[in-house]
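Notes to accompany the following structure.
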Number of protein chains: 2
Amino acid sequence: MKLINKNVDYAARALLVMSKTGGVFISARDIAAAQKIPYHFLRRVLQPLIKNGIVASVEGTKGGFKLLVDPAKLSILKLISIYNGKFQLSECMFRGKPCSNRRTCVLRKEVVKIENDFAERLGKLTISKLLQK
Amino acid sequence: MKLINKNVDYAARALLVMSKTGGVFISARDIAAAQKIPYHFLRRVLQPLIKNGIVASVEGTKGGFKLLVDPAKLSILKLISIYNGKFQLSECMFRGKPCSNRRTCVLRKEVVKIENDFAERLGKLTISKLLQK
DNA sequence: TTTAACTGACACTATTGTAGTATCAGTTAA
DNA sequence: TTAACTGATACTACAATAGTGTCAGTTAAA
Ligand code: FES
Ligand code: FES
């Protein structure tokens, strides 16, 4: 079971770099060098962050990326949801097979509760927490 | 993000069937039919359960499988660990890259805590809970 | 003693997900 | 005009997941 894949990993590290450079635009090449991330991979990783309004970009020479949001409000959960879709560990454990009624299923209720708690806590793991040291 | 794969899913359903038949041996063919699980797949899924002392099997005609342990003590977590190895969502989130010291890393401490709580709760999701209705 | 129903152990295919690389078009500062 | 950049997308390689098939050995029963 892997929760953090390279997409999320590299995105978090790129955002970490950006949160340090503040409002200045930094190029993908420089981010890649700073974190030893494969350049082309990083460029692909950055696109969804733009689409989600997390970073801004400018093209051309001296172009690059900068953070648009507060790192204290940017969670690992958010990144996971961007790259891996909605975070949910199991839509329904047995897809209606042994469970006659989804609404009354004991197991399902419990799983949903655990999932929610888990997601809530992952939502509190923010980029800014990585800087606290 | 998927936590429950077919191995765990089918295993749990097979164990559910066995927990109903009690001490009587039931064949893989009958389990597969009862739960609409692909027969050959199920046969492969059952082997690790034997290795882990969860079920017993007898060969030959009228052979089959039966449960060896208390369904109330058989958790989803146990099944996950059997098929997917030790349950851990992220060994280390950034593998020493932005984190200067693993021992003091705030993020890592928090992730470990969340993981532990999560595993503990998954450990309470037992096969017998599926029967409670 | 032969047969049919079974498990044990693998080998095999197909599909999908993950990681990484490459290319080309368009943009902008110098 | 050129060099450094982004946007978009296509491509390869590898691993994980899901499912199928086969053959050897075991056992109850005809
Ligand atoms: S696990 Fe899905 S309804 Fe019970
Ligand atoms: S996340 Fe691994 S040491 Fe910080």
Side-chain angles (χ1 to χ4, degrees), chain A residues 1-14 18 21 24-33 35-66 68 79-80 82-87 89-90 95, chain B residues 1-14 18 21 24-66 68 79-80 82-85 89-90 95 97:
Chain A
M1 260 293 303
K2 213 165 44 167
L3 181 63
I4 308 291
N5 58 17
K6 292 293 183 188
N7 282 327
V8 176
D9 185 339
Y10 293 161
R13 282 152 73 169
M18 287 184 242
T21 56
V24 182
F25 283 90
I26 179 171
S27 72
R29 197 167 298 277
D30 287 348
I31 297 174
Q35 289 286 336
K36 295 197 178 63
I37 300 170
Y39 170 68
H40 285 100
F41 198 144
L42 175 64
R43 299 233 296 129
R44 199 181 47 190
V45 163
L46 290 172
Q47 294 307 313
L49 297 180
I50 300 172
K51 302 282 189 293
N52 284 271
I54 290 169
V55 303
S57 67
V58 286
E59 296 182 37
T61 311
K62 300 279 172 187
F65 303 83
K66 77 168 184 186
L68 280 183
L79 296 181
I80 291 172
I82 287 175
Y83 296 101
N84 305 356
K86 187 172 173 306
F87 178 73
L89 295 172
S90 67
R95 278 143 258 164
Chain B
M1 264 294 303
K2 213 167 40 170
L3 179 64
I4 309 289
N5 58 18
K6 293 293 182 185
N7 281 328
V8 177
D9 184 340
Y10 293 160
R13 282 151 73 171
M18 287 183 242
T21 56
V24 182
F25 284 90
I26 178 171
S27 71
R29 199 168 297 276
D30 286 348
I31 296 174
Q35 288 288 334
K36 294 198 179 63
I37 299 171
Y39 171 69
H40 285 100
F41 199 144
L42 175 64
R43 297 233 297 134
R44 198 180 48 191
V45 163
L46 289 172
Q47 294 307 313
L49 296 180
I50 299 171
K51 301 283 189 294
N52 283 271
I54 290 168
V55 303
S57 68
V58 286
E59 297 181 37
T61 311
K62 300 278 173 187
F65 304 83
K66 77 168 184 186
L68 280 183
L79 296 181
I80 291 173
I82 287 175
Y83 297 101
N84 306 354
L89 294 171
S90 68
R95 278 143 260 165
K97 209 84 271 288

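This structure is a prediction, so every number in the text was calculated from the model and none was measured. Naming: A, B, ... by sequence-line order, numbering from 1 per chain. Just so it is clear, the values below take in all heavy atoms, side chains as well, and ignore hydrogens, waters and symmetry mates.
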Range-with-range stems for DNA chain C, at least three Watson-Crick or G-U pairs under 3.5 Å: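 Paired runs of 3+ in DNA chain C: C:1-30 with D:1-30.
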Calculate, to the nearest 0.5 Å, the distance between atoms [atom1] and [atom2] belonging to [X] and [Y] respectively.
X: B:Arg13; Y: B:Lys36; atom1: CZ; atom2: NZ; answer: 9.5 Å
X: A:Tyr83; Y: A:Ile4; atom1: OH; atom2: CD1; answer: 12.0 Å
X: B:Leu3; Y: B:Ile80; atom1: CG; atom2: CD1; answer: 4.0 Å
X: A:Leu79; Y: A:Asn84; atom1: CG; atom2: CG; answer: 10.0 Å
X: B:Phe41; Y: B:Asp9; atom1: CZ; atom2: CG; answer: 9.5 Å
X: A:Gln47; Y: A:Leu42; atom1: CD; atom2: CG; answer: 10.0 Å

Side-chain (B:Asn5) to main-chain (B:Val8) donor-acceptor, under 3.5 angstrom: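 It does hold such a pair.
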Nucleotides 12-24 of chain C: protein proximity per nucleotide (B base, S sugar-phosphate only, - neither; heavy atom, under 4.0 Å): -------SBBBB-
- prompt: Who pairs with B:Leu68 by side chain to side chain contact (heavy atoms under 4.5 Å, CB included), at least two apart in sequence or on another chain?
  reply: B:Ala56, B:Lys66
query: Are any non-hydrogen side-chain atoms of A:Ile54 and A:Ile82 less than 4.5 angstrom apart?
result: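 Yes; the side chains approach each other to less than 4.5 Å.
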task: Check whether any side-chain heavy atom of A:Tyr10 sits under 4.5 Å from a side-chain heavy atom of A:Gln35, and report yes or no.
output: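 No, too far: nothing below the 4.5 Å cut-off.
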query: Using a heavy-atom cut-off of 4.0 Å to chain A, what are the terminal contacting nucleotides of DNA chain D, in 5' to 3' order?
result: D:dA3 to D:dA10
task: Grab the two heavy atoms, one from B:Phe25 and one from B:Val58, that are nearest each other, plus how far apart they are.
output: CD2-CG2, 3.7 Å
- request: Enumerate the residues from residues 45-61 of chain A whose closest heavy atom to DNA chain D is under 4.0 Å, giving them by residue number; use none for an empty result.
  value: A:Gln47, A:Ile50, A:Lys51, A:Ser57, A:Val58, A:Glu59, A:Gly60, A:Thr61
- line: Hits for side-chain hydrogen bond (donor to acceptor under 3.5 Å, both in side chains) against A:Arg43, two or more places apart or cross-chain, chain-then-number order -> A:Tyr39
